[in-house]
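Data block below; observations after.
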Amino acid sequence: MTEERLTTGCLSKKTKYILSAASIIAVLVLVWVLEQNIPPTSQWSMLFTVIKKGAIYSLVVVSMNLLNGFTGLFSLGQAGFMLIGAYAYAIFAIPVEAKESVYQYYEPLIGFSVPEILSNAMGGAGTFGGTMGEYLGVIILMIFAGLITAGIAFLIGLPVLRLKSDYLAIASLGFAEIIRTIFQWDGLGAVTNGSNLLRKFPTFSSSLFPLIVSGLCIAFIVMLINSSYGRAFKAIRDDEIAAEAMGVNLFKHKQLSFVISSFFTGIGGAMLAMFQATVNATPFTSNMTYELLLIVVIGGIGSVTGSVLGSFLFIACSEWWLRFLDEGKFLGMEADFMRPGFRKVVFALIIICIVLFYSKGIMGTREFSWDGLISFFRKLPSRLLNFFKRLPGRIVNFFKGLPGRISGKVKKLSRNTKNSKNNHTKNTDNVKEAR
């Protein structure tokens, strides 16, 4: 059996589990070591921003891909669901002493803090038990934020999921905008603080927290996709009529996918609130949903691996790697065309290139596998050798055919010019005859 695996390049499940566990532990240890050795003033400190925000966006994008890529429902309400999760966490996490300074213009309706209650019950602030109680309160509130979001999504899904295609997208986007407007309404100011900021709630400082939470949630989504429910989702995506003929309850499974996706989106919204340390409804616009949808397309619709890779690449490019383009310098020289906002132009060009050359995204519908990785590195030397062997011939053929291509372009251009002149002459004659 071992010889057969070696010849076919297939690893056993036990070996794959061991490699996966070792890789996860290695990544977490590496992140922890980097946090201990890279000072906040270093330019490499942006790495932790990319890790934190990339982990949060990975969870939200994977949950969006569960709905759009695996179930085939084109929903654009993710920003609204993230907003619900962020507010649900922040409202119940603000300490009692800080509520008066946070709710300056309203009398706060919620007069308690879940992390504070559990911290006091387990020993008080400053003790090990109190710290553990605060962490437990944060985790409970994150789950609560997901449940509240899932409950609202269930109610929204009752009328919305009767629609299909573009109508579903427009309806979900409309509900997201309604949610954002409601949370900014002064009538709910005693709960949401109106259009003012919610702040002073517990946040995280280590990059390990969002990595671990997002990793666990994404693992659950992957198990769901590989289950019988996931196969039903894919059947609905491929052909609704055939799926219904096979006994799949369309509305039930659509509602289930919609609610589960919203649940994890709410958890992502709670983590985004902790990352930003403030909550306000203003940033949760349709632009945020379009960003998430863009990451889904870049990574690959129907690929969890692509969603994770696309999230980290998107955040790294937008937040870190292209920052030098706004500084007005290129290779140490002054560059007038590089001014604030220029990185967005370059970033847009990069996205266009990715979409043009990878029409199905970076991963398409493929997923990461140890067998595929081993096979790639085994075939890499022969592929590189064949590429460099064929390169001189390709260069020679390119320059040999270049004159013919140029002459063909010139002939075509002259032919078009001649035709346009003839058409202009005909039009002039027709105008003269009409006169």
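Side chains included, hydrogens not; waters and symmetry mates left out as well; all remaining heavy atoms used.
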side-chain contact (heavy atoms from CB on, under 4.5 Å) partner of Tyr89, the single match among Val114, Val279, Leu141: Leu141
Check whether the ring centres of [X] and [Y] lie less than 6.0 Å apart, and answer yes or no.
X      : Y      : answer
Phe258 : Phe81  : yes
Phe183 : Phe284 : no
Phe264 : Phe220 : yes

Give a yes or no on this: more than 12 heavy atoms of other residues, nucleotides or ligands lie within 6.0 Å of atom [atom1] of [X].
X      : atom1 : value
Gln36  : CD    : yes
Tyr167 : OH    : no
Glu100 : CD    : no
Leu155 : CG    : yes
Lys16  : NZ    : yes

Pair [X]-[Y], side-chain donor/acceptor within less than 3.5 Å:
X      : Y      : result
Ser101 : Lys200 : yes
Asp371 : Ser369 : no
Glu367 : Thr305 : yes
Thr15  : Trp370 : no
Ser58  : Ser214 : no

Donor-acceptor under 3.5 Å ([X] side chain, [Y] main chain):
X      : Y      : value
Arg366 : Met363 : yes
Tyr290 : Leu76  : no
Ser42  : Pro39  : no
Ser303 : Gly300 : no
Ser257 : Lys254 : no
Asn193 : Val102 : yes

From CA spacing to verdict: side-chain contact (heavy atoms from CB on, under 4.5 Å), Gln104, Asn196: CA-CA 9 Å; Gln104 296 180 1; Asn196 303 305; over 6 Å; no
Intermediate values then yes/no, side-chain contact (heavy atoms from CB on, under 4.5 Å), Ile225 and Val304: CA-CA 10 Å; Ile225 291 170; Val304 175; 3.8 Å; yes
Presence of salt bridge, Glu107 and Lys99, under 4.0 angstrom: no
Between [X] and [Y], is any pair of side-chain heavy atoms under 4.5 Å apart?
X      : Y     : value
Arg180 : Leu83 : yes
Thr149 : Met82 : no
Thr265 : Met64 : no

Roughly how far, to the nearest 0.5 Å, is [atom2] of [Y] from [atom1] of [X]?
X      : Y      : atom1 : atom2 : result
Glu177 : Ser286 : CD    : OG    : 5.5 Å
Asp238 : Thr71  : CG    : OG1   : 11.0 Å
Leu67  : Ser172 : CG    : OG    : 8.5 Å

Tyr57 vs Phe312, ring-ring contact (aromatic ring centres under 6.0 Å, His included): CA-CA, chis, key distance, verdict: CA-CA 8 Å; Tyr57 268 53; Phe312 281 100; over 10 Å; no
Non-hydrogen atoms of Ala243 and Leu250 that approach each other most closely: CB-CD2, 4.3 Å
Closest approach of Val138 to Pro202 (non-hydrogen atoms, all atoms of both residues): CG2-CB, 4.0 Å
Trace of the side-chain contact (heavy atoms from CB on, under 4.5 Å) decision for Thr131 with Ser119: CA-CA 6 Å; Thr131 304; Ser119 177; over 6 Å; no
Test log, rule side-chain contact (heavy atoms from CB on, under 4.5 Å), inputs Glu291 and Phe314: CA-CA 9 Å; Glu291 279 187 358; Phe314 181 87; 4.0 Å; yes
Inter- and intrachain pairs under ring-ring contact (aromatic ring centres under 6.0 Å, His included), touching residues 105-164, at least two apart: Phe92-Phe112, Phe92-Phe144
